[in-house]
2 protein chains.
Amino acid sequence: MSGRLAVIGLGPGDARWLTPEADAVLATAEAIYGYGAYLDRVPTRPGQARHPSDNREEGARAAAALSHAAQGAHVAVVSGGDPGVFAMAAAVCAEIEAGPQAWRELDIAIVPGITAMLAVAARVGAPLGHDFCAISLSDNLKPWEMIERRLEAAAGAGFVIALYNPVSRLRPWQLGAAFERLGRLLPASTPVIFGRAIGREDERVEVTTLSTAKVIAADMATLVIVGSVETRIIAREGRTPLVYTPRAVGGAGL
Amino acid sequence: MSGRLAVIGLGPGDARWLTPEADAVLATAEAIYGYGAYLDRVPTRPGQARHPSDNREEGARAAAALSHAAQGAHVAVVSGGDPGVFAMAAAVCAEIEAGPQAWRELDIAIVPGITAMLAVAARVGAPLGHDFCAISLSDNLKPWEMIERRLEAAAGAGFVIALYNPVSRLRPWQLGAAFERLGRLLPASTPVIFGRAIGREDERVEVTTLSTAKVIAADMATLVIVGSVETRIIAREGRTPLVYTPRAVGGAGL
């Protein structure tokens, strides 16, 4: 039997965002690897081995899963959201590139999922309705100066910005520094959205502006979207406001 | 009965990418509005009215759906991919902002979906594995000079770039111009991925480099991903290569 590794996106917390493809591939896996909190979202099935690991062990987890698949097994690795966005698919590819020839001969399948920024955007309207970018604020994986340069390039050119990994226990100041840096380029009234634990019972969404964003609490389960100068807030009586970025810039076209 | 409008992402062409939430909301809609080719992907259900319209009538379609919902109906508007990414959710928000007060009092739900760049990325590995942006190449909706400025800002700052709407019958030269512009900032060996009709029977994926990208055919059903200087291609004998952007830049961290 030839080995097979599937890297599967579970989507954000709500099971109604798990695609039928992801569900079908999970059902046929002989072993599942993943961060414990993500594995807990996968129903247990008889005869299926589960290998939870810590959040910061992506490389070792990918290598263990590849090694298992190379023995001829059908193995799954799970990510929250989409596996290709700041997640396990890149870790698996990096291990394949550095690993033994046999790993290049495996069947590799990436199963996409709803990534966090799409779910947060959906909760408030369409803040990602025009050109946007996604930046990881973790300076474990790149120098902080590079993050600042990317924030400035994105805001200066008019992109809406989705911030992944805004805060962790060991990275308490980076989000505030990012708001400070963006505040030099964008109006104080620029819409900012905090989406925490989207699709889970403790979900929380807050719409604010750049001038007051720094007082909103964020953590590892939070995704932040910073609008562009085009992004608009529509007030609605008795309802949360809608936030959207128009499809046309400056009244162009259509 | 209070009116309700759901803006629903169908995902790319494969029905296995339609989320259970999208399927459930579609099942309860009394009327469905959308571009004809997307409506054709929704199973017909007894008693459910269908209102197909042309691809370029987003504003009018959104207004018609809102007007229908304001009569107390449960109405759905469908988009391919995710409704919040260059699609109907922003059109609906714009019509609400410009429309009568009654439209602000409707229940509005945005149902996220797999957007095209995630599906194309999944087919080849993890090209969106680190910071990336999404740019619409349509200069119907913004000046071409702004598109050039955003391409240069993104490539210069090290973002991987997903190009939506790269080509249409009336916009034949923009993609070539974008490659030419990016070629001034990025190495000729930069990986470029063309994904056409992903998840449909006529799906086609091609991995090339910036120096030869201009000879690959693209159309309205194509999404193009241009790598960064960090993006890598892993050759595999007898298989399509893997393309990925490492999670860590320049060997930082982990």
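To find a chain, count down the sequence lines: A is the first, B the second, and so on, and within it residues start at 1.
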_At a 4.5 Å cut-off on heavy atoms, which part of B:Leu106 comes close to chain A: side chain, backbone, both, or neither?_
backbone
*What do you reckon, is CZ of A:Arg232 surrounded by more than 12 foreign heavy atoms closer than 6.0 Å?*
no
*Winner by heavy-atom pair count (cut-off under 4.5 Å) against chain A, out of B:Ala126, B:Ala122, B:Gly84*: B:Ala122
_Residue selection (most heavy-atom pairs with chain B, distance under 4.5 Å) from A:Asp14, A:Val85, A:Val111_ = A:Val85
_Can you classify the ring geometry of B:His130 versus A:Phe86 as parallel (below 30°), tilted (30 to 60°) or perpendicular (above 60°)?_
perpendicular
*Proximal component of A:Ile198, with respect to chain B [non-hydrogen, under 4.5 Å]*: neither
_Has B:Asp131 got a side-chain atom pairing as donor or acceptor with A:Ser136's backbone, closer than 3.5 angstrom?_
yes
*Checking heavy atoms, do the side chain of A:Glu57, its backbone, both or neither come under 4.5 Å from chain B?*
neither
*If only atom types and distance count, is the side chain of A:Arg239 paired as donor or acceptor with the main-chain N or O of B:Glu105 below 3.5 Å?*
yes
*Non-hydrogen atoms of chain B under 4.5 Å away: do they reach the side chain of A:Thr115, the backbone, both or neither?*
both
*For the candidates A:Gly11, A:Gly113, A:Cys93, A:Pro127, which exhibits the highest count of non-hydrogen atom pairs separated by less than 4.5 Å from chain B?*
A:Cys93
*What part of B:Met146 lies closer than 4.5 angstrom to a heavy atom of chain A: side chain, backbone, both or neither?*
side chain
*With respect to chain B, which residue among A:Ala15, A:Gly59, A:Gly129, A:Pro20 yields the maximal number of heavy-atom pairs within a distance under 4.5 Å?*
A:Pro20
*Atom CZ of A:Arg169: over 12 foreign heavy atoms under 6.0 Å*: no
_Just so I understand: if I count every heavy-atom pair under 4.5 Å between each of B:Val124, B:Leu128, B:Val160, B:Leu118 and chain A, which residue has the most?_
B:Leu118
_Heavy-atom pair count under 4.5 Å with chain A, highest-scoring of B:Gly125, B:Ala162, B:Ala121_ = B:Gly125
*asked:* For a 4.5 angstrom cut-off between non-hydrogen side-chain atoms, does B:Glu58 reach B:Tyr35?
replied: no
_Pairwise side-chain contact, B:Val207 with B:Ile233, heavy-atom cut-off 4.5 Å (strictly under)_ = yes
*Can you tell which part of A:Arg150 gets under 4.5 Å to a heavy atom of chain B, answering side chain, backbone, both or neither?*
both
*asked:* Parallel, tilted or perpendicular: which one describes the rings of A:Phe159 and B:Phe159, with boundaries at 30° and 60°?
replied: parallel
_Would you say that A:Asn140 contacts A:Arg171 through its side chain, given a criterion of any heavy-atom pair below 4.5 Å between the two side chains?_
yes
*Max heavy-atom pair count under 4.5 Å with chain B, selected residue of A:Ala235, A:Pro112, A:Pro83*: A:Pro112
*Under 4.5 Å heavy-atom distance to chain B, tell me which part of A:Leu18 shows up: side chain, backbone, both or neither.*
backbone
*Could you tell me which portion of B:Ile147 (side chain, backbone, both or neither) has an atom closer than 4.5 angstrom to a non-hydrogen atom of chain A?*
neither
_For a quick test of reading the model, state the closest non-hydrogen atom pair linking B:Val243 to B:Pro191 and the distance between them._
CG1-CB, 4.0 Å
*Would you mind telling me which of B:Ala153, B:Ala134, B:Pro12, B:Ala157 has the largest number of heavy-atom pairs within less than 4.5 Å of chain A?*
B:Ala134
*Report the distance from atom CG of B:Asp23 to atom OG1 of B:Thr28, rounding to the nearest 0.5 Å.*
10.0 Å
*In terms of heavy-atom pairs under 4.5 Å, which option from B:Met88, B:Glu97, B:Gln101, B:Arg236 contacts chain A the most?*
B:Glu97
*Under 4.5 Å heavy-atom distance to chain B, tell me which part of A:Ala91 shows up: side chain, backbone, both or neither.*
both
*Structural part of A:Asp107 lying under 4.5 Å from a heavy atom of chain B*: both
*Looking only at heavy atoms, which two atoms of A:Val205 and A:Glu203 are closest? And how far apart?*
CG2-OE2, 3.8 Å
*asked:* Does any backbone or side-chain atom of B:Glu152 lie under 4.5 Å from a heavy atom of chain A? Answer side chain, backbone, both or neither.
replied: neither
*asked:* Given heavy-atom pairs under 4.5 angstrom as the criterion, report whether the side chain, backbone, both or neither of A:Leu242 touches chain B.
replied: side chain
*asked:* If you count heavy-atom pairs within less than 4.5 Å of chain A, which of B:Thr19, B:Ile108, B:Thr245 leads?
replied: B:Thr19
*Working to the nearest 0.5 Å, report the span between CG of A:Leu163 and CD1 of A:Ile135.*
6.5 Å
